[in-house]
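Just below is one structure, and these are the notes that go with it.
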Amino acid sequence: MKTLIIIPAYNEAENIKNVVDNLAENFPQYDYVIVNDSSKDDTEMICRQNNYNYLSLPINLGIGGGVQTGYKYALEHGYDIAVQHDGDGQHDPAYIEKVIQPILDGKADIVIGSRFLLGEGFQSSASRRAGIRFLSALIRVSCGARVKDVTSGFRAVNGRYIKFYAEDYPSDYPEPEAIVTASLNGARVQEVPVQMRERRRGVSSINLKRSVYYMVKVSIAILVCRITGRKRRGKEI
């Protein structure tokens, strides 16, 4: 099946070349598109100089807008599967085949690469793991989806949910909310174990202050989705 790797990137000049060169050299069976979210560093210049396949947004839309742009690209170009893959080097493309396999087998619509199923590789900080466990429990109560690594940005979706996310994708720390909206619209969500790596270069966008905001904002968004049902009434997806 025709598969696209979506690589959202904001100020990833120190990482993007290693990420894309690894994909192009070792996994040429997959197409990719970089979504440069109006980076302030040399991310776009590196993409242009290396003739990478990329889109540059004229203004910064945040991770949700960048990922949705990738889904719009996948929909317009007729891809059967789209895989989200961070531009910071934390995701290992060797696991892409494992992540898309349940979709190929017809067993899932959305597959999330989870670092917590086997507890191997980079596990994040203790405080972040506690927050993730809370969000996981909240999502289970809200929509019934059993997902341990709800903040993982390493995930794959089939053609139906490429269309779904191209039309409507949460903004501002969207990963947990995206699970809820899709589950409320009938998506079969599955996790597979992967190993992730710690960011080696650059700075994460989530600091202590943002972490507090993240938890409050995402928790409210999940509850609003549950209360409203967040279903596409009258729309075929």
Original post:
Just wondering, do Ile5 and Phe27 contact through their side chains at under 4.5 Å, heavy atoms?
Top reply: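 Not touching, per the 4.5 Å side-chain cut-off.
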
Original post:
Yes or no on side chain to side chain contact (heavy atoms under 4.5 Å, CB included) for Ile100 and Val111, after CA distance, side-chain angles and deciding distance?
Top reply: CA-CA 7 Å; Ile100 68 175; Val111 183; over 6 Å; no

Rounded to the nearest 0.5 Å, how far apart are [atom1] of [X] and [atom2] of [Y]?
X: Asn15; Y: Lys17; atom1: CG; atom2: NZ; answer: 13.0 Å
X: Ile6; Y: His85; atom1: CD1; atom2: NE2; answer: 12.0 Å
X: Ile81; Y: Ile162; atom1: CD1; atom2: CD1; answer: 8.0 Å
X: Ile179; Y: Ile112; atom1: CD1; atom2: CD1; answer: 3.5 Å

Original post:
In this structure, are over 12 heavy atoms from other groups packed under 6.0 Å from Asn51 atom CG?
Top reply: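 At most 12 heavy atoms, drawn from other residues, nucleotides or ligands, come within 6.0 Å of this atom.
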
Please determine if [X] and [Y] form a salt bridge, counting it only when a charged side-chain N lies under 4.0 Å from a carboxylate O.
X: Asp149; Y: Arg115; result: yes
X: Glu177; Y: Lys217; result: yes
X: Glu76; Y: Lys72; result: no

Original post:
Do the ring planes of Tyr73 and His77 sit parallel (below 30°), tilted (30 to 60°) or perpendicular (above 60°)?
Top reply: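 Tyr73 and His77: parallel rings.
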
**OP:** Evaluate the ring planes of Phe154 and His91, with Trp represented by its six-membered ring, and classify them as parallel (under 30°), tilted (30 to 60°) or perpendicular (over 60°).
**Re:**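 Ring orientation of Phe154 relative to His91: parallel.
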
**OP:** Without swapping roles, check the side chain of Arg226 against the backbone of Ser142 for a donor-acceptor pair under 3.5 Å.
**Re:**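 Yes, Arg226 side chain to Ser142 backbone: donor-acceptor pair under 3.5 Å.
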
Original post:
How far apart are the closest heavy atoms of Tyr10 and Ser39, and which atoms are they?
Top reply: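 For Tyr10 and Ser39, the tightest heavy-atom pair comes out as CA-OG, 3.4 Å.
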
Original post:
Between Tyr79 and Lys2, is there a cation-pi geometry (under 6.0 Å to ring centre, at most 45° from the normal)?
Top reply: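 Yes - Lys2 lies over the ring of Tyr79, closer than 6.0 Å to its centre and within 45° of its axis.
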
